[in-house]
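The next block holds one structure in the form of structure tokens; read it before the comments.
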Amino acid sequence: MSGEQELGITESKEHSPGEWYAEVVQKAGLADYAPMGGFIVTRPRGYAIWERIQDHLDGWFKDTGVTNAYFPMFIPESYLEREKDIVEGFDPEVAWVTHGGNEELEERLAVRPTSESIIAPFMADWTRSHRDLPMRLNQWCSVVRWEATETKPFFRTKEFLWQEGHTAHTDEEGAWDETMTRLEQYARLYEDVMALPPLKGRKPEHDKFPGAHTTTSIEALMPDGKSVQAATSHYLGTSFAEAFDITYADADEDENTAHTTSWGLSWRAMGALIMTHSDDQGLVLPPALAPDQVVVVPIWQEENKDEVIEYAADLAAELDEAGVRVELDDREHRNPGFKFNEHELNGIPLRVEIGPHEVEDEEATLAHRPDGEQETVDREGIAETVQEHLDTVHGKLYASAEETLEGEIREADSREEILGTIGQHGGYVKCGWCGDEDCEDPIKDAIAAEIVMVPLDRDEEPIHDACAICGEDAEETAYFAKSY
């Protein structure tokens with residue numbers, strides 16, 4: 001097989017999205033499959049994208065009073081049992097350590113599926129007075145959930161990277177404000193960094209985080225019509241604080257129970273990013289997350305080689321000095337066509353082509369990765385011009401994803417209409433819902449779609465007066481969709 005054939009994507013995003021996605025992940029150098037089923041090896045280019053997601057969120061968290069910490073990856077079984085809902089919710093997915101070396105452990109240790117039950121006891125130890133609150137902790141780590149379902153790189157793996165924030169507050173108002181602050185930061189990440197329009201809502205009562213009072217969620221629509229739970233922020237009420245004795249003395253020295261929250265985003269965000277923006281040529285990345293934002297490709301003949309490469313190198317150096325992440329591709333053993341295809345496969349947002357004509361006219365030709373649009377611009381002020389074009393690339397990606405989302409939200413007022421709409425089109429279907437979990441079952445059983453979201457505002461009037469499934473009075477609007 002030739003290098004060009006090895007480089008290209010052979011599967012179709014439209015006709016075989018699962019195979020296409022797996023091929024993009026591997027050929028763009030993001031991840032490989034590990035020898036154990038359900039695990040992946042994250043390659044440097046893939047990890048660099050995750051690091052940039054981390055950098056944005058971590059900065060915003062710290063700007064709003066969060067401090068980072070780290071807690072053990074092993075959780076004693078007795079700690080999980082202190083919050084029964086956690087055990088019931090996660091037990092089928094928990095990986096257990098039973099031996100250390102050749103010795104059987106006196107108590108089983110869970111490989112953390114989430115960390116409320118190991119973090120909460122220490123929050124209780126560290127909280128004495130109302131002056132200690134609010135307490136805002138976050139950790140960047142991996143968790144393990146022994147998924148029985150089919151795994152997919154970044155979307156669903158047995159081990160995955162994420163951040164989990166845990167906070168304690170004196171009252172419900174402070175905890176709810178915290179919950180909303182984190183939800184808005186996740187929405188900001190999707191909009192401003194990932195070029196993905198999010199939907200904000202909350203989970204129905206039967207699908208909220210075990211032990212939570214309210215689970216709020218960011219949902220993102222994928223091109224195949226499925227929804228991704230892109231991030232969650234939970235108001236936990238006092239249930240965890242009561243289970244782990246997180247109390248504080250108020251100004252009158254009266255003891256009170258704290259209100260707590262937890263919130264998290266995993267590298268599922270990377271899966272959503274790859275699936276949404278990429279195409280049959282390979283990976284497409286928004287400029288904020290691309291390891292290399294710009295590639296400069298000099299195109300020369302033997303008689304003008306030195307001056308073309310020198311001009312291109314000077315331009316690349318100027319972009320680098322201006323803070324642009326830039327690569328100069330002056331490899332002699334690869335022709336320009338190969339380089340163009342390789343950089344398109346790797347998702348570099350902007351290509352700068354430099355040939356003898358650009359040198360002679362003191363110009364540069366810019367090509368956008370998403371659509372191939374080209375423009376020849378003046379060499380003078382190139383750093384500012386390139387930044388404008390990077391902003392344009394982000395705008396193109398967002399507009400395309402937004403157009404897809406807007407066209408994939410439909411209404412229904414009967415069970416048959418829900419089934420027919422999702423079965424034919426995918427996407428989201430809004431309908432009136434009585435609030436009974438049993439009314440989700442006929443849809444879930446028939447086409448594996450479920451309620452992925454209801455409106456954030458509990459007082460928002462339902463879209464229809466009657467439940468689309470049972471015909472009883474509708475309590476709220478439900479968004480049905482198939483999901484990852």
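Index from 1, following the sequence.
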Next on the checklist: Please check this pair: side chain of Arg351 against backbone of Glu344, looking for a donor-acceptor N/O pair closer than 3.5 Å.
Outcome noted: no
Next on the checklist: Please determine whether side chain to side chain contact (heavy atoms under 4.5 Å, CB included) holds for the pair Leu350 and His368, giving the CA-CA distance in whole Å, both sets of side-chain angles, and the decisive distance to 0.1 Å.
Outcome noted: CA-CA 5 Å; Leu350 190 66; His368 297 180; 3.4 Å; yes
Item to check | Separation between CG of Asn346 and CG of Asp292, rounded to the nearest 0.5 Å | outcome: 9.0 Å
Item to check | Ion pair Arg379/Glu358, N-O distance below 4.0 Å | outcome: no
Item to check | SB check Glu184 Lys200 (cutoff 4.0 Å) | outcome: yes
Item to check | Approximate separation, where rounding is to 0.5 Å, of Tyr235 OH and Lys208 NZ | outcome: 11.0 Å
Checklist entry - Between Arg145 and Pro113, is there a donor-acceptor pair closer than 3.5 Å when you use the side chain of the first and the backbone of the second? => result yes
Checklist entry - Yes or no on side chain to side chain contact (heavy atoms under 4.5 Å, CB included) for Gln26 and Asp32, after CA distance, side-chain angles and deciding distance? => result CA-CA 6 Å; Gln26 288 188 284; Asp32 280 328; 3.9 Å; yes
Checklist entry - Are any side-chain N or O atoms of Thr477 and backbone N or O atoms of Cys431, one a donor and one an acceptor, separated by less than 3.5 Å? => result no
Checklist outcome for this item: To the nearest 0.5 Å, atom CD1 of Ile451 lies from atom CH2 of Trp433 at 4.0 Å
Next on the checklist: Quick check with a 6.0 Å cut-off and a 45 degree axis cone: is Lys226 positioned over the face of Tyr484's six-membered ring?
Outcome noted: yes
Next on the checklist: Let's go through Arg202 and Glu476 carefully: what are the C-alpha distance in whole Å and the side-chain angles of both, what is the deciding distance for salt bridge (Lys or Arg N to Asp or Glu O under 4.0 Å) to 0.1 Å, and is it a yes or a no?
Outcome noted: CA-CA 12 Å; Arg202 57 185 168 86; Glu476 53 192 345; 2.7 Å; yes
Next on the checklist: Both conditions, 6.0 Å and 45 degrees, for the charged tip of Arg268 above the ring of Phe154: are they met here?
Outcome noted: no
Checklist entry - Is there a donor-acceptor contact under 3.5 Å from the side chain of Thr64 to the main chain of Phe61? => result yes
Next on the checklist: Would Arg136 and Glu178 count as a salt bridge (Lys or Arg N to Asp or Glu O under 4.0 Å) here? Give the steps.
Outcome noted: CA-CA 9 Å; Arg136 297 183 174 98; Glu178 179 78 19; 2.7 Å; yes
Checklist entry - If only atom types and distance count, is the side chain of His56 paired as donor or acceptor with the main-chain N or O of Arg52 below 3.5 Å? => result yes
Next on the checklist: Quick one, Phe209 with His234, criterion ring pair (Phe, Tyr, Trp, His ring centres under 6.0 Å). Give me CA distance, side-chain angles, the key distance, then yes/no.
Outcome noted: CA-CA 7 Å; Phe209 181 77; His234 314 281; 4.7 Å; yes
Item to check | Salt bridge present between Lys203 and Glu450 (N-O < 4.0 angstrom) | outcome: no
Next on the checklist: Between Glu373 and Lys396 (salt bridge meaning N to carboxylate O under 4.0 Å), is one present in this structure?
Outcome noted: yes
Checklist entry - Short question: side chain of Asp280, backbone of Lys13 - any donor-acceptor pair under 3.5 Å? => result yes
Checklist entry - When you look at Tyr47 and Trp267, which way does the ring pair (Phe, Tyr, Trp, His ring centres under 6.0 Å) test go after all the steps? => result CA-CA 10 Å; Tyr47 199 81; Trp267 69 11; 8.5 Å; no
Next on the checklist: I need the single residue from Ile274, Leu345, Ile348 that forms a side-chain contact (heavy atoms from CB on, under 4.5 Å) with Leu283. Which is it?
Outcome noted: Ile274
Item to check | Stepwise salt bridge (Lys or Arg N to Asp or Glu O under 4.0 Å) test for Arg458 and Glu460 | outcome: CA-CA 6 Å; Arg458 294 179 184 271; Glu460 182 177 315; over 6 Å; no
Item to check | Arg325 side-chain N/O to Ala290 backbone N/O, donor-acceptor pair under 3.5 Å | outcome: yes
Next on the checklist: Determine whether Lys27 and Ile9 satisfy the following criterion, side chain to side chain contact (heavy atoms under 4.5 Å, CB included), listing intermediate values before the conclusion.
Outcome noted: CA-CA 8 Å; Lys27 287 191 173 179; Ile9 300 297; 4.2 Å; yes
Next on the checklist: Classify the ring geometry of Phe122 against Trp126: parallel below 30°, tilted from 30° to 60°, perpendicular beyond 60°.
Outcome noted: tilted
Next on the checklist: Between Gln163 (side chain only) and Leu265 (backbone N and O only), is there a donor and an acceptor less than 3.5 Å apart?
Outcome noted: yes
